[in-house]
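What follows is a short report on a single structure.
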There are 2 protein chains.
Amino acid sequence: MIPLTDACAAQAKPNVACSHCNLRELCLPVGIPDDELQRLDGMVATRRSVRRGHTLFRHGDPFEAVYAVRTGFFKTRITPEDGRDQVTGFQMAGELLGLDGIGNDHHACDAVALEDSQVCVIPYSQLTQLSREFPGLQRQFHKIMSREIVRDHGVMLLLGSMRAEERLAVFLLNLSQRLKARGFSPSSLVLRMTREEIGTYLGLKLETVSRCFSKFQEDGVLAVRQRQIDVLDPEALQRLVNNAHG
Amino acid sequence: MIPLTDACAAQAKPNVACSHCNLRELCLPVGIPDDELQRLDGMVATRRSVRRGHTLFRHGDPFEAVYAVRTGFFKTRITPEDGRDQVTGFQMAGELLGLDGIGNDHHACDAVALEDSQVCVIPYSQLTQLSREFPGLQRQFHKIMSREIVRDHGVMLLLGSMRAEERLAVFLLNLSQRLKARGFSPSSLVLRMTREEIGTYLGLKLETVSRCFSKFQEDGVLAVRQRQIDVLDPEALQRLVNNAHG
DNA sequence: CGTCTTATTGAAGTGTCTCAAAACGGGTGG
DNA sequence: CCACCCGTTTTGAGACACTTCAATAAGACG
């Protein structure tokens with residue numbers, strides 16, 4: 001095996017070390033044994049802070065690294081010339097950003113911080129190099145890309161065949177489940193995005209999103225106070241998704 | 001470097017060798033130099049034929065390989081329990097199928113042949129093994145997955161913000177461009193799928209798809225004879241996509 | 001040649017959008 | 001601390017694109 005001089009050197013900066021990161025069970029190092037993990041600490045070159053409203057990268061930027069969200073919250077969006085705007089996803093702690101850039105060496109979307117955030121910068125050259133040495137890392141990276149594809153197909157189903165209320169229900173259940181996986185309450189959520197951003201993600205106008213929230217509140221499914229959402233009846237949300245009129 | 005006894009042995013079956021395949025410039029081996037390519041011939045374990053209407057794999061099948069379309073035409077679809085059905089893509093020669101399965105070791109969608117087809121079976125274990133030895137292959141594989149993500153985001157834009165005619169225009173232009181890349185006429189296409197399958201892909205009902213075809217014919221943009229489509233005015237199609245009322 | 005799938009076309013229905021106005025809340029400066 | 005401003009959210013009424021339902025036509029296939 002190749003001596004990992006670079007990785008060993010990186011251990012001198014424990015603050016960017018995957019092996020000491022409390023997100024490692026949600027992030028790229030999933031499934032990599034502890035002893036190997038220490039030799040992976042050189043993977044993260046540095047951290048980078050992005051203030052609310054600022055971009056981590058933009059459409060057209062040369063692709064050099066992928067990013068793992070450490071703290072904060074992002075949206076990704078594509079913005080064709082004609083003024084349209086599609087939010088393609090929301091990313092929270094442990095999730096990867098920038099995979100879209102690998103395909104042709106330039107980023108294909110914008111990544112915008114919805115609150116002050118911090119990311120781990122993982123240079124793609126490092127990632128490929130280390131993937132060759134650590135099959136577990138290679139595997140996990142492939143899994144993350146594959147799951148992104150599967151997730152996107154789920155969104156296509158949502159956009160292609162669901163009505164407004166079902167879309168919002170799916171969105172809220174997904175958010176709830178991801179918060180739960182991070183140790184937060186699945187029933188009390190604070191939305192980081194505006195109604196318009198939700199709408200642009202779900203293929204709806206902001207007024208429609210707002211109306212759906214109101215409807216859910218009338219029906220006793222949610223308590224809505226601005227961006228503070230309490231899920232009162234998660235089963236009702238789930239039923240809404242399952243009992244759709246195919 | 002590890003001696004590639006397996007790959008060398010595979011050269012005994014030239015019929016499944018990437019190095020002799022006329023699709024190699026469109027498929028996984030893109031960008032791999034000729035001398036390396038010969039040592040990659042062990043990547044394809046075998047070929048497999050799939051008759052029209054039959055599935056290459058189904059949702060839930062254990063994931064073992066990805067597939068490169070050699071001849072024929074496929075659709076992929078996800079089928080939730082509730083009877084809904086979303087076509088997530090159409091695949092033609094040189095394109096990869098099965099990437100959805102990497103994420104959790106089982107396929108997440110069905111792949112259905114729309115005509116009698118043949119695929120190259122690329123065992124995932126081979127692919128990962130060879131990726132470690134051939135950085136060019138690793139890179140190309142990443143690119144293919146990344147482009148699939150970018151493509152899906154484009155479909156999300158389509159489903160989230162375009163009207164019926166724009167969706168069909170995007171669909172036809174995409175098909176046209178892919179046919180052109182394979183040496184076929186970009187203006188004379190024979191659709192392999194029904195109006196319903198197009199509709200399920202584009203988030204429209206089959207009647208709407210049919211009406212759009214009729215409209216395009218009235219406007220002199222297309223000549224439509226069943227599944228034989230002639231693009232009379234490609235610029236008009238392009239304008240329809242660009243001049244959308246964002 | 002008959003049957004079944006696929007495609008076309010029409011008329012009525014409905015979900016979402018558009019346009020518009022008002023309420024709310026967070027931040028800033030007086 | 002209050003007044004003000006501006007972005008966000010809510011709510012209503014009317015318009016419109018697409019769907020639904022239904023009937024017919026055209027091909028494909030045995």
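Remember, predicted model here, so these are calculated numbers, not experimental data. By convention in this document, chain letters (A, B, ...) are assigned in the order of the sequence lines, proteins followed by strands, and residues within each chain are numbered from 1. Computation of the quantities below employed the complete heavy-atom set of this structure, encompassing side-chain atoms and omitting hydrogens, waters and symmetry-equivalent molecules.
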Exercise for the section: Scan B/G203 against the nucleic acid and name what it touches under 4.0 Å (heavy atoms): base, sugar-phosphate only, or nothing. Expected result: sugar-phosphate

Exercise for the section: Answer yes if the side chains of B/S161 and A/Q86 hold a donor-acceptor pair under 3.5 Å, and no otherwise. Expected result: no

Exercise for the section: Using the test side chain to side chain donor-acceptor pair (under 3.5 Å), find all partners of A/D85 that sit at least two apart in sequence or belong to another chain. Expected result: none

Handout entry: Terminal axes of the helix from C/dC1-D/dG30 to C/dG30-D/dC1 (five pairs each): angle between them, nearest 10 degrees
Key = 40°

Practice task
Mind checking salt bridge (Lys or Arg N to Asp or Glu O under 4.0 Å) for A/R178 and listing every partner two or more places apart, or none if nothing turns up?
Solution key: A/E95

Completion exercise
Residue pair A/V209/B/S210 against DNA chain C: nearer the 5' end by closest nucleotide is B/S210

Exercise for the section: For A/T194, answer base if it contacts any base atom (sugar-phosphate contacts may also be present), sugar-phosphate if it contacts only those atoms, and nothing otherwise; contact means non-hydrogen atoms under 4.0 Å. Expected result: sugar-phosphate

Exercise for the section: Could you tell me whether A/R151 and A/E148 have a side-chain N and a carboxylate O separated by less than 4.0 Å? Expected result: yes

Exercise for the section: Using a 4.0 Å heavy-atom cut-off across all strands, classify B/L206 as base, sugar-phosphate, or nothing. Expected result: base

Exercise for the section: For A/F213 and D/dT8, give me the distance from atom CZ to atom P, rounded to whole Å. Expected result: 15 Å

Exercise for the section: Quickly work out the B/I198 CD1 to C/dA7 P distance and round it to whole Å. Expected result: 8 Å

Practice task
Tell whether B/R211 reaches the base of D/dT20 with its side chain through a donor-acceptor pair below 3.5 angstrom.
Solution key: yes

Problem - Counterpart residues, side chain to side chain contact (heavy atoms under 4.5 Å, CB included), relative to A/V170 (two or more places apart) - result: A/L158, A/M162, A/V241

Handout entry: Residues that B/D116 engages under salt bridge (Lys or Arg N to Asp or Glu O under 4.0 Å), provided they are two or more places apart
Key = B/R51

Completion exercise
Atom CG of B/L202 and atom P of D/dC18 are separated, to the nearest Å, by 12 Å

Exercise for the section: Provide, to the nearest angstrom, the distance between the CD atom belonging to A/Q228 and the C1' atom belonging to C/dG25. Expected result: 15 Å

Practice task
Decide yes or no for A/T76 and A/L97: does some side-chain heavy atom of the first lie under 4.5 Å from some side-chain heavy atom of the second?
Solution key: yes

Practice task
May I ask you to evaluate whether B/R227 reaches the phosphate of C/dA7, defined as a side-chain N or O under 4.0 Å from OP1 or OP2?
Solution key: yes

Exercise for the section: Pick base, sugar-phosphate or nothing for B/S214, based on heavy-atom distances below 4.0 Å to the nucleic acid. Expected result: sugar-phosphate

Exercise for the section: Please round to the nearest 0.5 Å and tell me the distance separating atom OG of A/S188 and atom CG of A/L179. Expected result: 9.5 Å

Fill in the blank from the handout: Going 5' to 3' through nucleotides 22-30 of chain D and flagging B where a protein heavy-atom sits under 4.0 Å of the base, S where only the sugar-phosphate is that close, and - otherwise, we get -------S-

